[in-house]
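This report refers to the structure that appears directly beneath it.
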Amino acid sequence: MAIVNVLVVQHEDGTGPGIVGAALTAEGLDLDVRHPWAGGALPASLADHDALLVLGGAPNCEDDAAAPWLPAVRSLIREAVAREVPFLGICLGAQIAASCLGGKVVRRTRPPEVGVVPLRRLPAVDGDPVLGAVPAGAPAAQWHWDEVAVLPPGAVPLLTGDDCEHQAFRVGPTAWAVQFHPEVLAADVTPWAASDGPAVAAAGADPSAALASVQAAEPELLAVWSAMARAWGAVIRARAAGG
């Protein structure tokens, strides 16, 4: 069987591909994880990769001074959409995609959205190859200060929530973006609550309750988002095979 290679952009320590990466690896896909914050180079194109996964992180999606590799990430996302190379953006990855494809990302005027929140399905999610099987009310782990205010032209909204409208969307046939963190469990969120907790509390949210909600929802988080990752993996395999 030919190797199917996924380029993974990780923006900082402690924000790896998690259970999404584990599910892809279990399906036999190869993850090429790059660490540009630590000096790792990003490829100039996706010529040697079958898919692109852009993870979350603390920088604002337009703060090239804080994250000087962002222009390269934008170029890769635009290439993925133009060439229909399967793409998945998570949290910051989704915000970069929204911004660079013509949408708008803003700082939340409300407290940061943290912890587990239930998602609501939108009509267009029916039949979606990646998110179509996500059940109504599925729990999603959140940790974000910024959010997508305006979707890119032609984007299709798939999932929403009570406190953040654009929780998941698709651009073209093979690009998906999610505001939440399908890759995390409590062990991943614990250091976020420790480092970001004081600022979150000062802004009016409860980091301890957020972490507790992730811990309580772990079995369902693992089941729902591992299945989503496998569905995305199936899209990757089909495209790599010429489907």
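Note that the numbering runs from 1 along the sequence shown for the chain.
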- Item | Minimum heavy-atom distance between P198 and S195, given as atom pair plus value | CD-O, 4.0 Å

- Are any of the side-chain heavy atoms of F180 and C164 separated by less than 4.5 Å? no

- If only atom types and distance count, is the side chain of E27 paired as donor or acceptor with the main-chain N or O of L29 below 3.5 Å? no

- Item | Audit row: V134, V125, side-chain contact (heavy atoms from CB on, under 4.5 Å) steps and yes/no | CA-CA 9 Å; V134 173; V125 80; 5.9 Å; no

- Query: Can you pull the salt bridge (charged side-chain N to carboxylate O under 4.0 Å, His left out) pairs that have at least one residue in residues 85-94, sequence neighbours excluded?
  - Reply: none

- How close do R34 and A41 get, heavy atom to heavy atom, and via which atoms? NH1-O, 2.8 Å

- Query: Would a distance-only check, ignoring hydrogens and angles, find a side-chain to backbone donor-acceptor pair under 3.5 Å from W225 to P139?
  - Reply: yes

- Query: So do the side chains of C91 and Q142 get within less than 4.5 Å of each other, counting heavy atoms only?
  - Reply: no

- Of all residues at least two apart in sequence or in a different chain, which pass the ring pair (Phe, Tyr, Trp, His ring centres under 6.0 Å) check with H166? none

- Query: Is it true that L7 and I90 fall in one hydrophobic cluster, defined by side-chain heavy atoms closer than 4.5 Å?
  - Reply: no

- Query: Applying the 4.5 Å side-chain criterion to the ILVMFWY set and letting contacts propagate, would W232 and L119 be lumped into a single cluster?
  - Reply: yes

- Does the side chain of M228 reach to within under 4.5 Å of the side chain of P182, using non-hydrogen atoms? yes

- Query: F169 and V130: same hydrophobic cluster, using ILVMFWY side-chain contacts below 4.5 Å?
  - Reply: no

- Message: Membership question, hydrophobic clusters at under 4.5 Å side-chain separation (ILVMFWY): are L92 and V106 in the same one?
- Response: no

Can I get a per-line list of side-chain donor-acceptor pairs under 3.5 Å for residues 95-103, giving both atom names and the distance, sequence neighbours left out?
{"unit_1": "Q95", "atom_1": "NE2", "unit_2": "D146", "atom_2": "O", "d": "3.1"}
{"unit_1": "Q95", "atom_1": "NE2", "unit_2": "Q179", "atom_2": "OE1", "d": "3.2"}
{"unit_1": "S99", "atom_1": "OG", "unit_2": "E62", "atom_2": "OE2", "d": "2.9"}

- Any sub-3.5 Å donor-acceptor pair from T25's side-chain atoms to A22's backbone N or O? no

- Query: Can you tell if the side chain of R121 reaches within under 4.5 Å of the side chain of D126, non-hydrogen atoms only?
  - Reply: yes

- Query: Quick one: NE2 on H35 to CG on L42, what's the gap to the nearest 0.5 Å?
  - Reply: 11.0 Å

- Would you confirm whether D188, through its side chain, and L185, through its main-chain N or O, come within 3.5 Å as a donor-acceptor pair? yes

- Message: According to side-chain contact (heavy atoms from CB on, under 4.5 Å), who are the partners of D13, at least two apart in sequence or on a separate chain?
- Response: W37

- V150: side-chain contact (heavy atoms from CB on, under 4.5 Å) partners, not counting sequence neighbours: K104

- Residue pairs involving residues 147-174 (criterion salt bridge (charged side-chain N to carboxylate O under 4.0 Å, His left out); sequence neighbours excluded): R108-E147, R108-D163, R110-E147, R110-D163, R120-D162, D128-R170

- Please name all residues satisfying side-chain contact (heavy atoms from CB on, under 4.5 Å) with P129, sequence neighbours left out, ordered by chain then number. W176, V235

- With a 4.5 Å limit on heavy-atom distance, are the side chains of P157 and L151 in contact? yes

- Query: Are L76 and L24 linked, directly or through other ILVMFWY residues, by side chains that come within less than 4.5 angstrom of each other?
  - Reply: no

- Query: Closest approach of R230 and A23, non-hydrogen atoms and distance?
  - Reply: CG-CB, 4.3 Å

- Message: Under the criterion side chain to side chain donor-acceptor pair (under 3.5 Å), I'd like the reasoning laid out for W145 against D196: C-alpha separation, chi angles, the key distance, then a yes or no.
- Response: CA-CA 11 Å; W145 295 78; D196 203 29; 2.9 Å; yes

For a quick test of your reading: what N or O donor-acceptor pairs under 3.5 Å do the side chains of residues 48-57 make, sequence neighbours left out?
{"unit_1": "H49", "atom_1": "NE2", "unit_2": "D32", "atom_2": "OD2", "d": "2.8"}
{"unit_1": "D50", "atom_1": "OD2", "unit_2": "N5", "atom_2": "N", "d": "2.8"}

- Side chain proximity check, P71 to D64, heavy atoms < 4.5 angstrom: yes

- Side-chain contact, heavy-atom cut-off 4.5 Å: L159 with L122? no

- Item | Non-hydrogen side-chain atoms of P207 and W143 separated by less than 4.5 Å | yes

- Note on the structure: Heavy-atom nearest pair, V214 first then G115, reads CG2-CA, 4.4 Å

- Query: If you look only at pairs with a residue in residues 148-158, which of them pass as a side chain to side chain donor-acceptor pair (under 3.5 Å), with sequence neighbours excluded?
  - Reply: none

- Please list, chain by chain and in numerical order, all residues satisfying side-chain contact (heavy atoms from CB on, under 4.5 Å) with A67, sequence neighbours excluded. P59, W69, L70

- Grab the two heavy atoms, one from L221 and one from A141, that are nearest each other, plus how far apart they are. CD2-N, 4.1 Å

- Item | Taking every non-hydrogen atom, the tightest pair across A124 and V156 | CB-CG1, 3.3 Å

Can I get a per-line list of side-chain donor-acceptor pairs under 3.5 Å for residues 79-88, giving both atom names and the distance, sequence neighbours left out?
{"unit_1": "E79", "atom_1": "OE1", "unit_2": "L46", "atom_2": "N", "d": "3.0"}
{"unit_1": "E79", "atom_1": "OE2", "unit_2": "L46", "atom_2": "N", "d": "3.1"}
{"unit_1": "E79", "atom_1": "OE2", "unit_2": "R83", "atom_2": "NH1", "d": "2.6"}
{"unit_1": "E84", "atom_1": "OE1", "unit_2": "R239", "atom_2": "NH2", "d": "2.8"}

- side chain to side chain donor-acceptor pair (under 3.5 Å) contacts touching residues 210-219 (sequence neighbours left out): none

